[in-house]
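For reference, the structure discussed in these notes is given below.
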Amino acid sequence: MPIILGLESSCDETAAAIVRSDRTILAHALAGQDDHHRAFGGVVPEIAARAHCELMMPLVETALADAGLALTDIDAIAATAGPGLIGGVMVGLVTAKALAMAADKPLIAVNHLEGHALSPRLIDADLQFPYLLLLVSGGHCQLLRVRGVGQYDRLATTIDDAVGEAFDKTAKILSLGFPGGPAVEKAAAMGNAAAVPLPRPLLGAKEPHFSFAGLKSAVLRAFATGDYAPEDIAASFQAAVTDCLADRLEYSLSRMDHKPAALVVAGGVAANMAIRAMIEKIAARHAMRFVAPPLWLCTDNGAMIAWAGAERFAAGLTDPLDVAARPRWPLDPAAQPARGAGVKA
Ligand code: AMP
Ligand code: MG
């Protein structure tokens, strides 16, 4: 049974994990960099890349030791090859190339988004293709039909900010601390969601896409009035985001003739309980199975990259040692750009 080592370094988590193709997680080592970036209120790409350099090999050694394996026991080495902060992506990918070359093992270049997209199948053996995936993370907000390994239809995307980015900016505006998403959720639990009138961008729009930039600006304006408690702004913001996601999801579902059997949520924002509960409710309304990976598998980690590597390896998909790191790498290159969208994948 193939054993895959997976490396992740696309943002501010350095991770190495070892997964067997029967879904056994043999090791899962991860180091966050929050302390490196806290003073700046956001991830600084150069600092992140340097930290990945220092952390990656010790984590690989930890993972091998935890699994009780030597590098020669590994069947293939997978690493995130994009999209992400290019300096960090290069650190993980170059490490994987060096290990693959030294141990004479195949290399698998994994799209980080494919890591998120396939991660639910690591913990749920019954999750069959196709399924509908809401990918909500620090860099993305997309609705995808997952038809198979390497087969994705992007049904909707954000025309401006990612949803996690909106959480992080809101936390920064409200001085709630870093990382922002969990801080906003915590503050929101103590606030009144009806206290601050905030817009719901694209609510009711006859197109499937998402938008969060206007909401972020509205948070800034509400805060600047000095009239509202940060907890109330956080609660009102979280409610607005949840309403937008629900409305956009319902719009896409209403236009689908053949709904997949499962609705899956993945990405860091899937850790938000209010958003999870909303998606679960929508899944029930459409008689779809709701699947959400455990929280540790929602945020960036090595196991999802190792698992995507295992799925690709099983499909015979490996990559040459000169494969390039890619700052942008859409899962569905054929998708039409959204109206008004920037250059984000
Ligand atoms: P990822 O890009 O998948 O690593 O996810 C990181 C993003 O998820 C960041 O923008 C976080 O602020 C966001 N995030 C993490 N936990 C939560 C939460 N509980 N609520 C909202 N956003 C969150
Ligand atoms: Mg991610």
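Since the model is a prediction, treat every value here as computed from it, not as a measurement. Worth knowing before you read on, the calculation uses all heavy atoms, side chains too, and leaves out hydrogens, waters and symmetry mates. Order of listing sets the numbers, starting from 1, for every ligand and every atom in it.
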Exercise. Quick one: pull up NE2 in H209 and OH in Y251 and give me the separation to the nearest 0.5 Å.
Key: 9.0 Å

Quiz item: Does an N or O anywhere in G138 fall below 3.5 Å from an N or O of ligand 1?
Solution: yes

Practice problem: Output the list of atoms in ligand 1 that are nearer than 4.0 Å to some heavy atom of S137, sorted by atom number. | Solution: 1 (P), 2 (O), 3 (O)

Quiz item: Between D300 and ligand 1, does any nitrogen or oxygen pair lie at a separation below 3.5 Å?
Solution: yes

Self-check item: H116 touching ligand 1 at heavy-atom level, < 4.0 angstrom
Solution: yes

Exercise. For the pair D232 (side chain) and N192 (backbone), establish whether a donor and an acceptor sit closer than 3.5 Å, ignoring hydrogens and angles.
Key: yes

Quiz prompt | Pair listing, salt bridge (Lys or Arg N to Asp or Glu O under 4.0 Å) test, anchored in residues 211-222, at least two apart | solution = D161-K216

Self-check item: Any C11 heavy atom less than 4.0 Å from ligand 1
Solution: no

Exercise. Using distance alone, with no hydrogens and no angle criterion, decide if H112 and D300 have a side-chain donor and acceptor under 3.5 Å apart.
Key: yes

Practice problem: Indicate yes or no: does an N/O atom of G164 lie under 3.5 Å from an N/O atom of ligand 1? | Solution: yes

Quiz item: Does an N or O anywhere in F167 fall below 3.5 Å from an N or O of ligand 1?
Solution: no

Quiz prompt | Test applied, side-chain hydrogen bond (donor to acceptor under 3.5 Å, both in side chains); reference residue, D243; option that passes from R248, R200, Q238 | solution = R200

Quiz item: Can you tell me if NZ on K186 sees more than 12 non-hydrogen neighbours from other groups inside 6.0 Å?
Solution: no

Quiz prompt | ligand 1 atoms in contact with D168 (distance to a heavy atom under 4.0 Å) | solution = 9 (C), 10 (O), 11 (C), 12 (O)

Self-check item: Residues forming a salt bridge (charged side-chain N to carboxylate O under 4.0 Å, His left out) with D153, sequence neighbours excluded
Solution: R145, R147

Quiz prompt | Test of proximity, T299 against ligand 1: N or O pairs below 3.5 Å | solution = no

Quiz item: Looking at ligand 1, does any of its N/O atoms fall within less than 3.5 Å of an N/O of G181?
Solution: yes

Quiz item: Distance under 6.0 Å and angle within 45° of the ring axis: does R121 meet both against F129?
Solution: yes

Self-check item: ligand 1 atoms in contact with E185 (distance to a heavy atom under 4.0 Å)
Solution: 18 (C), 19 (N), 20 (N)

